[in-house]
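Taking it in order: structure first as C-alpha cells, then the write-up.
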Protein chains: 2
Amino acid sequence: MQIGMLSRRTGVSVRMLRYYEEEGLITPARRASGYRDYGADDEAIVTAIRMLSEAGLKLDFIRRFLPCLRSDGPILHPCPDLLSAMEEEMRTLDERIGKYRESRSMLGSYYEEMRAHA
Amino acid sequence: MQIGMLSRRTGVSVRMLRYYEEEGLITPARRASGYRDYGADDEAIVTAIRMLSEAGLKLDFIRRFLPCLRSDGPILHPCPDLLSAMEEEMRTLDERIGKYRESRSMLGSYYEEMRAHA
DNA sequence: CTAAACTCTGACAGCGATGTGAGGGTCAAG
DNA sequence: CTTGACCCTCACATCGCTGTCAGAGTTTAG
C-alpha cells in the first residue's frame with residue numbers, strides 16, 4: 001500500500017506518516033523506485049499511534065511502547081525500564097486528566113452562571 | 001507585590017508572568033521605576049490562568065474568559081460569542097478527556113498484560 | 001558609597017508537531 | 001510518448017509556550 005492510500009485510510013497526513021518513519025515508529029518496505037510500501041497491519045499501528053499521540057504522549061515514548069502494538073509482536077517483552085516509564089506516563093496522564101476535568105467543571109460552572117445571568 | 005514574589009507564590013516563572021502581560025492577560029501597575037506592581041487578587045488570577053492553561057486551553061481563549069475570573073469583576077457579562085466559544089471549548093475539552101481516558105486504559109491494560117508475562 | 005539582589009526590555013533558541021514548497025523521479029492510462 | 005497523479009528528499013516556516021542571555025537601571029542593607 002502506498003503512502004497516499006494509508007493516509008486516506010487513517011486520516012493521518014502524508015507528511016506525518018513520513019515523520020513517523022523518521023522518528024523510527026514505522027519502517028515501511030521500499031520499492032525499487034524508492035516508494036514506501038506499507039503492510040496491512042501498519043494501518044492499525046498508525047491508528048494506535050495517532051490515538052496515543054492525540055492523548056498527549058510524546059512520539060518518543062510511543063516508540064518505546066510500540067512493540068506492544070504490533071500484532072505480530074513477540075508477545076511483549078517487558079524491559080523493566082519500559083515498565084517504569086509506563087508507570088510514570090500513566091501517572092502524568094492521570095494528573096492531566098484530573099486537571100482537564102477540573103478545568104472542564106470550572107468552565108462549566110461559569111458557563112451556567114453566565115447563562116443564568118443572561 | 002513585585003514580580004519575583006508573585007512568581008514564588010504562584011510557582012509561575014517570572015518569564016511567564018511577563019508573557020501573560022504581553023498577551024493581555026494581566027496588567028499590573030507600574031512604579032516610577034518601571035517595576036511591575038501586582039495586586040493581591042492577581043495571585044488568584046494567575047493561579048486560575050495556570051490551571052486553565054495546563055488543561056490545554058490557549059491563552060487566547062483564556063483572555064476572553066478572563067473577566068469571569070476577576071473577583072472584582074462586574075458579575076460576568078455574557079457576550080453571546082463568548083458563550084458559544086465556551087460551548088465549543090467545552091466540547092473539545094470533553095473530547096480530549098475522552099481520548100486521554102482511552103489512552104490511559106489502553107496503557108493500563110498493556111501494562112497489566114506485561115506485568116503478567118514478566 | 002558599594003554590593004547584592006531585584007527588575008526592566010529585547011531578542012534569540014528550542015521543543016514537538018505540523019504545513020508547505022521546491023526540484024525532481026515514477027507509474028499507469030490514453 | 002505524453003500527461004496527470006503519485007511519490008521522493010530536503011529544508012525552511014509556523015505555532016504556542018518557555019528558557020536564557022545580555023545590557024542596563026533600581027532598591028535595600030551594610
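Residue numbers begin at 1 in each chain, while the letters A, B, ... track the order of the sequences.
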Q | Distance-only donor-acceptor test (3.5 Å): side chain A/Arg31, base C/dT26 | A | no
Q) Between B/Glu88 and B/Arg91, is there a salt bridge with N-O shorter than 4.0 Å? A) yes
Q: Let me know the distance between OH of B/Tyr20 and C1' of D/dC17, rounded to the nearest Å.
A: 9 Å
Q) Rounding to a whole Å, what distance do you find between B/Leu17:CG and C/dT9:P? A) 13 Å
List, with names and distances, any nitrogen or oxygen atoms from the protein found under 3.5 Å away from nitrogen or oxygen atoms belonging to nucleotides 7-9 of chain D.
| residue | atom | partner | partner atom | Å |
| --- | --- | --- | --- | --- |
| D/dC7 | OP1 | A/Gln2 | NE2 | 3.1 |
| D/dC7 | OP1 | A/Gly4 | N | 2.8 |
| D/dC7 | O4' | A/Tyr35 | OH | 3.4 |
| D/dC8 | OP1 | A/Arg36 | N | 2.9 |
| D/dC8 | OP1 | A/Arg36 | NE | 2.7 |
| D/dC8 | OP2 | A/Arg18 | NE | 3.1 |
| D/dC8 | OP2 | A/Arg18 | NH2 | 3.0 |
| D/dT9 | OP1 | A/Arg30 | NH1 | 3.1 |
| D/dT9 | OP1 | A/Arg30 | NH2 | 3.2 |
| D/dT9 | OP2 | A/Arg36 | NH2 | 2.1 |

Q) Which listed nucleotide (D/dG16, D/dC12, C/dA17) is nearest to the side chain of A/Met16? A) C/dA17
Q) Are side-chain heavy atoms of A/Val12 and A/Ser7 found at a separation under 4.5 Å? A) no
Q. Going from OG1 on A/Thr10 to OH on A/Tyr38, what distance comes out if it is rounded to the nearest 0.5 angstrom?
A. 9.0 Å
**Q.** Ion pair B/Glu95/B/Arg101, N-O distance below 4.0 Å
**A.** no
(Q) Does A/Ser53 reach a base, just sugar-phosphate, or nothing at all? Heavy atoms under 4.0 Å. (A) nothing
Q.
Rounded to whole Å, please give me the gap between OH in A/Tyr19 and P in C/dA17.
A. 5 Å
**Q.** Whole-Å distance separating the NZ atom of B/Lys58 from the C1' atom of D/dT18
**A.** 14 Å
Q. Atom CD of B/Glu22 to atom P of C/dC8: distance rounded to whole Å?
A. 13 Å
Q) With a 4.5 Å heavy-atom cut-off, do A/Arg36 and A/Arg31 have their side chains touching? A) no
Q.
Without decimals, in angstroms, what is the distance between B/Glu23 CD and D/dC15 P?
A. 12 Å
**Q.** Under-4.0 Å salt bridge between A/Arg30 and A/Asp37
**A.** no
Q. Looking across every strand, which nucleic acid part, if any, lies under 4.0 Å from A/Arg50 by heavy atom: base, sugar-phosphate, or nothing?
A. sugar-phosphate
Q.
What I want to check is whether the side chains of A/Arg15 and A/Tyr20 have a donor and an acceptor closer together than 3.5 Å.
A. no
Q. CZ of B/Phe61 versus P of D/dC17: gap in Å, rounded?
A. 13 Å
Q | Closest to side chain of B/Arg15, choosing from C/dA11, C/dT18, D/dC17 | A | C/dA11
Q: In whole angstrom, give the distance that lies between atom CD1 of A/Ile62 and atom P of C/dG16.
A: 13 Å
